[in-house]
Amino acid sequence: MDVVVCVKQIPDPADPGELDAETRTLRRDVKLILDESDSYGVEMALQLVDSAGEGEVRLVSMVPNSEMSGLRTALAMGAASAVLVSDEALAGSDALSTAKVLAAAIRRSEPDLILAATESSDGYTGTVPVQVAELLGLPSVTFGREVTVADGVATVKRQTEAGYDVVECPLPAVVSVTAGVVEPRYPSFKGIMAAKNKPVDELDLAGLGIDPTTVGWSGARQEIVDVVDAAARESGEVVVDEGDAHERILAFMDELKVL
Amino acid sequence: MGFSKIWVHGESTEVGAATITLELLAKARELADVVEVVMAGDADAVAAELGDHGASTVHTIGALNGGLVGPRLASAIAAATGAGEGPNVLLCGTTYDGRDVAGRLSVKLDVPVITNVVDLVVDGDRLIGQEPVFGGTKDVFTGFIGDGPAIFLVRPKSFPAEPSGGPAATVAGLEVGDLGGTGGAMVGERFAEESTGPRLDEANIVVSGGRGLGDAEKYEMIETLARLVKGAPGASRAVVDAGWVPYAYQVGQTGKVVKPTVYLACGISGATQHLVGMKGSANIIAINKDAEAPIFGIADLGIVGDVHKVLPKLIEALEARA
């Protein structure tokens, strides 16, 4: 069974940087790392291929520059290869344009299953996996907590407001997984060394057959009209616990009459 | 483009219309002359309630028979749009199904989606969505360029749900188009997870735990405390990522937005990711051993202390009162 995992390389969330003054979008000309949200999909894909006993995990990603250190992290975890769509014209792409590029890259690979995180940690639109599915004409199950595959059918425990649904989905299909569902492995030293030599197929938009004017800034059909500082929230009293902090908390809540 | 006709994606629970749907209706009727709901399932059961909140018509695709909402409702809305009977604006909640509907429809109509919206403002003949970024320290305002219905994914708790006193909505059928290969996922069994208290996004008090709890077993203190104050337990992303609790518990940018009367953050440092999901709370109490933790910058009462010492005493005191 071949699994493609959609992964995103993002600015380190510990140092998310700033908005570009001109474009008013997140500056991405900084060092990019593998979005931690994606490590769950990579781990799940590795486990599924492992239990299937055959097949491989391939990665698909896009960036406006040729950054690939985040991809190397996922390759070091055990993915076999990656397709990186890299083109300056991709800068400013919205979620729909992103989905179009990823779908075109996935089409070349004809996997049995496509995995993605439910949402990226930086843009967090949460729409790309289902947009990819629609573009590929495939069924999808979003917010998966557990995924098993047998006889060409994925069985997914899908998060709901009340609990979860067990959803059966014929393959090929797109499944998005929530964080925390598996424990992503740390790349071993051997894995890190091996990742340096794994194939990364770097494509530009022309190579993928996508008209550059339909994506990025030139293809955008939404515009940021303003960015303002939000009203700051004032902080109140800060006290050091001397063994009676619980009384302070109770008094505070009693005052509000919520207990 | 205009926004004279707004459709709201309707969601319902066993007890009636979902709160998010009523919230969206409250805003929609403030903006548009024609406000209608589009949904799957039994519209007759909620027509009176939706009408009471301002919807004149409920379009339903009927029973799903185990199919997922996303591809079916998106195909029906796309067909209505193609026939010139669709809305100028579609409002979906940022929910498990809302994102499926908006994402599928966006591809069918080839229009983008404006996501994570917390407010809608009028700009000439179009609507602009307001989205918080960087932990809610900045607000970005985004509008659509060009034709096609404007699709917004709106976060829960963005608008207060208020009845308008309108008559029951008229129920109308809506046809699902050809799904091709997209409709193959089918729901088998549904499981409700044990939950005794109020829902996380509707609770008056939310007690959240973070990495400062140390290990998974300690999260039990959060659940005990939440039960004692008749609140709901929540969690930071770090705790969900570690697999201590499911994604449904997560408060934050990726996760739920909560605005309770009291938010009690235990062992949560206050990463921007978390703050955006709870800074709208009326009162915030934070316990953290690091006096420099960013959570203290927005807390009304900050306790610099060890959650392993403070929480057992708090639990004991509450149990003594009960």
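Throughout, a chain's letter reflects where its sequence line sits, starting with A, and its residues are numbered from 1. Atoms considered below: every heavy atom in the structure, side chains included; atoms not considered: hydrogens, waters and symmetry mates.
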If the test is side-chain contact (heavy atoms from CB on, under 4.5 Å), which one of B:Val262, B:Leu311, B:Ile285 qualifies with A:Ile249?
B:Ile285
Provide the closest heavy-atom pair for B:Val113 versus A:Gln222 in the form atom of the first, atom of the second, distance.
O-OE1, 3.4 Å
Select one option (side chain, backbone, both, neither) describing which atoms of B:Asn204 are under 4.5 Å from chain A's heavy atoms.
side chain
Under 4.5 Å heavy-atom distance to chain B, tell me which part of A:Leu138 shows up: side chain, backbone, both or neither.
backbone
Where on B:Thr254 is there a heavy atom nearer than 4.5 Å to chain A: the side chain, the backbone, both, or neither?
both
Indicate yes or no: at least one non-hydrogen side-chain atom of A:Tyr40 is less than 4.5 angstrom from one of B:Asp241.
yes
Under 4.5 Å from any heavy atom of chain B, what part of A:Ala245 do you find: side chain, backbone, both or neither?
both
Check whether any side-chain heavy atom of B:Gln250 sits under 4.5 Å from a side-chain heavy atom of A:Thr178, and report yes or no.
no
Nearest heavy atoms of A:Ser235 and B:Phe296, plus distance in Å
CB-O, 3.2 Å
Is it the case that the side chains of B:Gln273 and A:Ser121 hold a donor-acceptor pair, with the cut-off being a distance below 3.5 Å and no angle test?
no
Please report the closest heavy-atom contact between A:Gln131 and B:Ser106, naming both atoms and the distance.
NE2-OG, 2.8 Å
Answer with side chain, backbone, both or neither: which region of B:Pro71 has an atom nearer than 4.5 Å to a non-hydrogen atom of chain A?
neither
Rounded to the nearest 0.5 angstrom, the CG-CZ distance for B:Asp300 and A:Arg233 is 4.5 Å
Please state whether the side chain, the backbone, both or neither of A:Ala95 comes within less than 4.5 Å of a heavy atom of chain B.
neither
Portion of B:Ala102 that has a non-hydrogen atom of chain A nearer than 4.5 angstrom:
neither
Side chain, backbone, both or neither: which part of A:Asp94 has an atom under 4.5 Å from a heavy atom of chain B?
side chain
Could you look at A:Ser120 and say if it's the side chain, the backbone, both or neither that has a heavy atom under 4.5 Å from chain B?
backbone
Who pairs with B:Val111 by side chain to side chain contact (heavy atoms under 4.5 Å, CB included), at least two apart in sequence or on another chain?
B:Leu109, B:Ile151
Kindly compute the distance separating CG (B:Leu318) from CG (A:Leu259), expressed to the nearest 0.5 Å.
6.5 Å
Give me the ring orientation class for B:Phe191 and A:Tyr164: parallel if the planes are under 30° apart, tilted from 30 to 60°, perpendicular past 60°.
parallel
Got A:Asp229 and B:Thr137 here, is their nearest side-chain heavy-atom distance under 4.5 Å?
no
Side chain, backbone, both or neither of A:Phe252 within contact of chain B (heavy atoms, under 4.5 Å)
side chain
Between A:Ala220 and chain B, which part of the residue has a heavy atom less than 4.5 Å away: side chain, backbone, both or neither?
backbone
Heavy-atom distance under 4.5 Å to chain A: side chain of B:Thr182, backbone, both or neither?
both
Under a 3.5 Å distance rule, please check whether B:Asp100 uses its side chain to pair with a backbone N or O of A:Thr142 as donor and acceptor.
no
Which pair of heavy atoms, one from B:Leu68 and one from A:Ser140, lies closest together, and at what distance?
CD1-O, 3.4 Å
About how many Å separate CD of A:Glu161 and CD1 of B:Ile20, when rounded to the nearest 0.5 Å?
10.0 Å
Start with the C-alpha distance between A:Val227 and B:Asp139, add both sets of side-chain angles, then the distance that settles side chain to side chain contact (heavy atoms under 4.5 Å, CB included), and finish with yes or no.
CA-CA 6 Å; A:Val227 178; B:Asp139 288 314; over 6 Å; no
For the residue pair B:Tyr96 and A:Gln159, establish whether any side-chain heavy-atom pair is separated by less than 4.5 Å.
yes
Interatomic distance, CZ@A:Arg221 vs CD1@B:Ile114, rounded to 0.5 Å, equals 11.5 Å
In Å and rounded to the nearest 0.5 Å, what is the CZ to OG1 distance from B:Arg99 to A:Thr118?
6.5 Å
Residue part contacting chain A, namely of B:Leu301, when any heavy atom lies under 4.5 Å
both
Closest non-hydrogen atom pair between B:Ala185 and A:Pro139, with its separation
N-CB, 3.9 Å
Please output the side-chain donor-acceptor pairs of residues 275-284 of chain B that fall under 3.5 Å, not counting sequence neighbours, one pair per line with the distance.
residue: B:Lys279; atom: NZ; partner: B:Gly136; partner atom: O; Å: 3.2
residue: B:Ser281; atom: OG; partner: B:Met278; partner atom: O; Å: 2.6
residue: B:Asn283; atom: ND2; partner: B:Thr261; partner atom: O; Å: 3.0

Check whether A:Ser37 gets within reach of chain B through its side chain, its backbone, both or neither, counting any heavy atom under 4.5 Å.
both
Between B:Lys313 and A:Asp241, does at least one N-O distance fall below 4.0 Å, as a salt bridge requires?
no
Where on A:Glu234 is there a heavy atom nearer than 4.5 Å to chain B: the side chain, the backbone, both, or neither?
backbone
If you compare all heavy atoms of B:Gly184 against all heavy atoms of A:Pro170, which two are closest, and at what distance to 0.1 Å?
O-CD, 3.2 Å
Is there a side-chain contact between A:Val225 and B:Thr142 (heavy atoms, below 4.5 Å)?
no
Output for pair (B:Thr95 OG1, A:Phe143 CZ), nearest 0.5 Å, gives 8.0 Å
Less than 4.5 Å to any heavy atom of chain A: does that hold for the side chain of B:Ile298, its backbone, both, or neither?
both
Looking at chain A, which one of B:Gly143, B:Gly305, B:Ala18 has the largest number of heavy-atom pairs inside 4.5 Å, strictly under?
B:Gly143
Where on A:Lys100 is there a heavy atom nearer than 4.5 Å to chain B: the side chain, the backbone, both, or neither?
side chain
